[in-house]
Amino acid sequence: MKKSVYSICGMCAVRCPLKVEVENGRVTWVEGNSHDGGMGTSICAKGGASIPFQYDNERPQSPMIRVGNRGSGEWKKVSWEEAYDYIVDKLKDVIGQHGAHSIMLTDRGGPFADLRKAFMKAIGSPNYINHDCTCGRNPNHASKSVFGMGRTDFSYDLKNAKHIILFGRNITEAFKVKEVKSFMQAVKNGAHITYVDPRVTNTAGKATRYWRIKPGTDYALLLGITNYIVNNKFYDEDFVSRWVIGLSQLQDFLQPYTPEWAEAETEIPAEEIKAFCHEINNDRPKVIFHIGWHLARYRDSFYASRMLNILNALMGNIEETGGLIYPKTPKDAGSPGLKSLGADIPVVKEQRCDSCDTTYNHFDSGAGMLQLAYQAIDTGEPYPVKAYIAHRHNPLIALPDPEEQKRILSKLDLLVSVDVNYSETAWFADVILPESTYLERDSILRTEKGPKPGFGMRRKCVEPFYDSKPGWQIYTDLAKRLGKGQYLPYETIEEIWKYQLQDTSVKIEDFDTKGFVKLCDDPIACQPSSIKFGTKSGKIEFVNSTLEEKGVLSFKPYDRPADPPEGSYRLLFGRKGYQAHGQSTNNPVLSELLGSNKLWINTVEAKKMGVANGDTVELTNGDARGTIEARVTDFIHPGAVFMLHGFGQNIPLLTRSYGRGLADQAFMKGKLRGWDQAGGGLALNECFVTVKPVA
Ligand SMILES: Nc1nc2c(c(=O)[nH]1)N[C@H]1C(S)=C(S)[C@@H](COP(=O)(O)OP(=O)(O)OC[C@H]3O[C@@H](n4cnc5c(=O)[nH]c(N)nc54)[C@H](O)[C@@H]3O)O[C@H]1N2
Ligand SMILES: Nc1nc2c(c(=O)[nH]1)N[C@H]1C(S)=C(S)[C@@H](COP(=O)(O)OP(=O)(O)OC[C@H]3O[C@@H](n4cnc5c(=O)[nH]c(N)nc54)[C@H](O)[C@@H]3O)O[C@H]1N2
Ligand code: SF4
Ligand SMILES: [Mo]
């Protein structure tokens with residue numbers, strides 16, 4: 001029997017809408033949900049690789065309880081009942097001894113996190129945290145500091161832009177399907193593309209201007225650009241006088257930072273900086289400065305990202321075609337939104353373990369900061385954290401310095417990993433709960449913002465191949481066993497969907513025809529006349545007095561990054577189009593495409609060391625050491641080396657990824673404590689490694 005099912009891809013965190021073909025209980029084809037205009041039938045290689053992944057016998061096939069030492073890989077296969085009993089006994093002990101706040105949960109954020117947040121609220125812990133301290137924290141806080149609105153409160157109208165500026169935003173390889181299609185439309189339309197990266201990427205190949213910046217000096221380049229734009233009044237004067245607070249303070253601050261000064265810091269010629277500024281002056285307001293992410297990995301990234309936000313404001317591009325557009329919400333379409341699963345659960349009033357509601361209350365506490373939660377596990381301050389559930393999150397790869405993390409995680413009474421893979425974190429856990437893959441499960445409904453706002457549904461396409469369960473069931477089961485079933489009283493996914501939809505006029509069957517429901521027929525147009533900002537003043541705050549009261553400067557003087565010592569290089573990292581972080585390297589198909597990672601070394605530097613392309617080199621930082629194949633290339637700055645993230649995995653059961661390549665995070669010694677104090681993001685790129693040929 002054949003059927004088509006609408007789903008939402010789960011092979012990376014982008015979560016594209018899909019149509020899945022099923023024949024006799026097996027998935028035969030996956031493509032984009034073409035009812036979604038931005039998507040068409042396109043998907044990426046990772047999405048396609050979900051079919052072999054579903055039957056992969058190298059993923060967890062039932063719940064497992066650790067029997068040997070942590071990380072030893074000695075497991076006992078157990079039933080779900082046994083696994084639940086084990087977890088619930090431990091959680092009850094932790095609650096009895098320390099209180100519910102001593103339990104934390106981290107996940108990958110996003111539209112389905114509402115269920116996990118509700119679960120944490122139900123059990124009475126404030127410690128829901130997501131992955132964002134290694135992803136978008138700095139740009140998000142920078143956006144809030146300027147507009148009073150977060151990173152995702154704006155969307156980029158790339159396809160209609162005349163000029164797109166990407167600082168290390170490798171948009172054609174580290175992509176989102178809809179975003180890259182919109183970007184490629186801009187390229188076809190003849191838009192200017194300025195790409196800034198110490199490394200030549202595919203995106204550099206699409207650009208009209210490529211700047212090989214000295215690593216870590218983006219803030220200097222941005223100061224030079226903004227200086228020239230402000231001094232020459234290359235900005236939208238009407239927009240700025242209507243909306244901006246602090247232009248004259250910005251102008252005073254910028255005076256030392258001329259394009260000539262920026263050239264000396266960044267190695268980008270002043271004349272080119274000026275030519276660029278003239279170009280964007282002609283192209284505005286259809287100019288988009290993309291605010292991140294990977295520029296967000298330095299100790300001054302908050303300020304670099306702040307300057308990108310300031311430049312967007314100077315372009316007057318807010319709520320303009322080809323600029324930064326407010327993604328429209330159900331409310332904009334005159335409809336109530338989905339009801340949050342936590343809406344009827346009492347608010348947890350206790351202090352957070354990561355101090356995001358106290359010392360760091362200028363940070364967005366919704367996402368928290370995992371590096372500070374680690375400190376709570378380590379020190380017992382502000383209180384002991386003894387149980388940790390990592391759901392769809394692999395901190396031993398995602399955060400730096402896995403050895404230091406393991407030292408800290410060993411202090412827990414319980415570490416549970418809910419995953420579809422044996423992640424490094426799962427391998428180090430006490431219990432692994434295998435979640436059904438996205439093809440095998442329903443999920444809670446999600447809100448879809450955009451010109452036609454609405455809701456999206458992921459439906460189960462086929463029955464689980466192994467003994468796995470969907471996340472919604474795992475958390476409702478656990479809540480019941482912890483005596484909190486009244487807060488998550490659902491027996492079926494339909495009951496959850498009905499709860500979510502109760503304030504709206506939408507019915508479950510309305511999702512049948514397209515997999516999503518739109519709340520209006522025509523796209524909601526940009527409305528420049530209805531611009532609003534979330535700051536205290538209601539304006540765009542170049543000077544942000546709320547932050548200044550917290551000791552966070554609005555304008556930070558430039559502080560030159562340290563150069564790597566002789567024989568050392570700054571370690572850069574990134575991803576490829578057919579890879580999602582560390583989760584693709586053992587995929588039956590993607591592993592073949594990915595092979596092993598290599599170390600990009602600049603040709604001149606390699607020559608100095610006597611290293612030829614394909615040679616093996618040794619990489620060290622402190623006691624982190626390993627060998628890797630050299631990829632000698634002109635396409636990287638001489639002060640840096642680069643490797644793909646997600647390799648160097650250490651799980652013998654995973655025969656396709658075991659021992660392949662090196663793990664970038666293992667070389668980031670001590671970096672669990674190295675973060676941008678103004679923005680909250682971990683400074684992953686502030687790491688030097690020594691490279692030597694292997695004799
Ligand atoms: N295929 C694929 N797509 C993805 C993901 C994935 O895993 N796989 N992940 C998604 C996620 S979660 C994210 S956050 C995004 C990440 O999207 P990006 O941030 O665009 O992704 P990266 O591949 O990490 O690229 C970072 C780039 O920053 C450059 N860089 C390093 N140092 C500097 C510097 O000092 N200045 C400048 N200007 N550039 C620098 C690096 O050389 C690298 O090319 O991608 C998303 N899309
Ligand atoms: N050194 C270094 N560190 C980095 C980065 C880097 O480039 N270099 N990138 C940073 C960025 S931008 C990000 S966003 C983070 C990402 O870090 P993570 O969020 O940890 O990475 P992911 O690969 O997205 O997935 C996490 C886990 O989710 C599991 N998973 C996948 N699908 C499912 C599912 O359907 N259900 C469940 N339960 N689990 C699932 C995967 O198997 C994986 O173990 O890493 C950050 N850390
Ligand atoms: S980008 Fe690819 S892997 Fe990620 S959700 Fe979309 S189709 Fe799936
Ligand atoms: Mo990310």
Side-chain angles (χ1 to χ4, degrees), residues 8-18 30 32 39 42-50 59 106-109 130-136 166-171 173-180 195-201 203-204 211 213-218 221 290 292-298 304 390-400 417-426 433-438 441 443 471 474 561 570-584 600 636-637 640 642 644-646 663-668 682 684-685 687:
I8 295 173
C9 184
M11 293 298 281
C12 86
V14 173
R15 305 174 183 97
C16 299
L18 295 183
V30 177
M39 191 73 196
S42 313
I43 53 164
C44 79
K46 293 165 286 162
S50 53
R59 68 182 179 92
T106 68
D107 70 10
R108 189 55 208 289
N130 73 23
H131 70 293
D132 211 34
C133 65
T134 53
C135 182
L166 303 164
F167 275 75
R169 172 71 191 104
N170 187 8
I171 202 165
E173 292 181 273
F175 57 74
K176 303 176 174 192
V177 171
K178 281 197 238 179
E179 187 184 60
V180 76
Y195 184 72
V196 187
D197 195 319
R199 180 177 77 99
V200 179
T201 62
T203 309
W211 279 338
I213 192 167
K214 181 178 172 193
T217 65
D218 300 76
L221 177 58
H290 199 301
W293 299 263
H294 259 61
L295 158 73
R297 278 144 179 60
Y298 290 85
H391 179 103
R392 206 200 181 290
H393 193 203
N394 187 7
L396 286 179
I397 286 190
L399 269 72
S417 169
V418 187
D419 207 301
V420 292
N421 277 302
Y422 287 110
S423 70
E424 302 272 319
T425 309
L433 296 181
E435 188 173 24
S436 309
T437 65
Y438 83 89
R441 70 175 192 255
S443 295
I474 296 173
R570 193 179 283 277
L571 177 61
L572 309 185
F573 52 82
R575 54 213 91 214
K576 256 206 169 332
Y578 35 89
Q579 156 194 27
H581 306 281
Q583 57 171 295
S584 312
W600 294 35
I636 185 160
H637 188 279
F642 169 89
L644 286 177
H645 175 56
D664 56 339
Q665 73 278 4
F667 292 87
M668 299 174 185
L682 280 155
L684 301 177
N685 277 139
C687 167

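Side chains included, hydrogens not; waters and symmetry mates left out as well; all remaining heavy atoms used. Read the numbers this way: they start at 1 and go in the same order the structure lists the ligands and their atoms.
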Output yes when the distance from some N or O of ligand 1 to some N or O of [X] is under 3.5 Å, and no in every other case.
| X | value |
| --- | --- |
| Asp197 | yes |
| Glu173 | yes |
| Arg108 | no |
| Tyr298 | yes |
| Thr201 | no |
| Arg297 | no |
| Ala580 | no |
| Phe175 | yes |

> Does Thr437 approach ligand 2 within less than 4.0 angstrom via side chain, backbone, both or neither, non-hydrogen atoms only?
Replying inline: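 Answer for Thr437: neither.
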> Evaluating non-hydrogen atoms only, which member of His393, Glu435, Arg15 is closest to atom 37 (C) of ligand 2?
Replying inline: Glu435
>> My understanding is that we take every heavy atom of each candidate and find the minimum distance to atom 45 (O) of ligand 2. Doing that for Ala398, Gly109, Ser584, Gly574, which one comes out nearest?
In response: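 Result: the heavy atom closest to atom 45 (O) of ligand 2 is in Ala398.
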Hey, does the side chain of [X] reach the backbone of [Y] with a donor-acceptor pair shorter than 3.5 angstrom?
| X | Y | answer |
| --- | --- | --- |
| Asn394 | Thr425 | yes |
| Thr134 | Leu399 | no |
| Gln665 | Pro395 | no |
| Asp197 | Arg199 | yes |
| Arg169 | Ala174 | yes |

> Which value, rounded to the nearest 0.5 Å, describes the distance between Ile474 atom CD1 and Ser436 atom OG?
Replying inline: 7.0 Å
Out of curiosity, is [X] lining ligand 2, as in a heavy atom under 4.0 Å away?
| X | value |
| --- | --- |
| Ala13 | no |
| Arg59 | no |
| Tyr438 | no |
| Arg575 | yes |
| Met11 | no |

> Hey, what's the ring geometry for His393 with His131, parallel, tilted or perpendicular (30° and 60° as the breaks)?
Replying inline: perpendicular
> Hey, does the Lys NZ or Arg CZ of Lys46 hover above the aromatic six-ring of Tyr438, less than 6.0 Å from the centre and inside 45° of the axis?
Replying inline: no
Does ligand 2 come near enough to [X] that some N or O of the ligand is less than 3.5 Å from an N or O of the residue?
| X | answer |
| --- | --- |
| Asn421 | yes |
| His645 | yes |
| Val418 | yes |

> For atom 8 (Fe) of ligand 3, which protein N/O/S atoms are closer than 2.8 Å?
Replying inline: Cys9 SG
Would you mind listing which atoms of ligand 2 come within a distance below 4.0 Å of any non-hydrogen atom of [X]?
| X | result |
| --- | --- |
| Arg441 | 34 (C), 35 (O), 36 (N) |
| Ser423 | 44 (O) |
| Met668 | 1 (N) |

>> Could you check whether any heavy atom of Lys176 sits closer than 4.0 Å to an atom of ligand 1, since that is the contact criterion I want to use?
In response: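 Distance cut 4.0 Å: Lys176 fails for ligand 1.
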> Which of the numbered atoms in ligand 1 are below 4.0 angstrom from a heavy atom of Cys135?
Replying inline: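 Result: 14 (S).
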> Got a sec, which residues hit side chain to side chain contact (heavy atoms under 4.5 Å, CB included) with Ser443, two or more places apart in sequence or on another chain?
Replying inline: Phe112, Arg441, Arg458
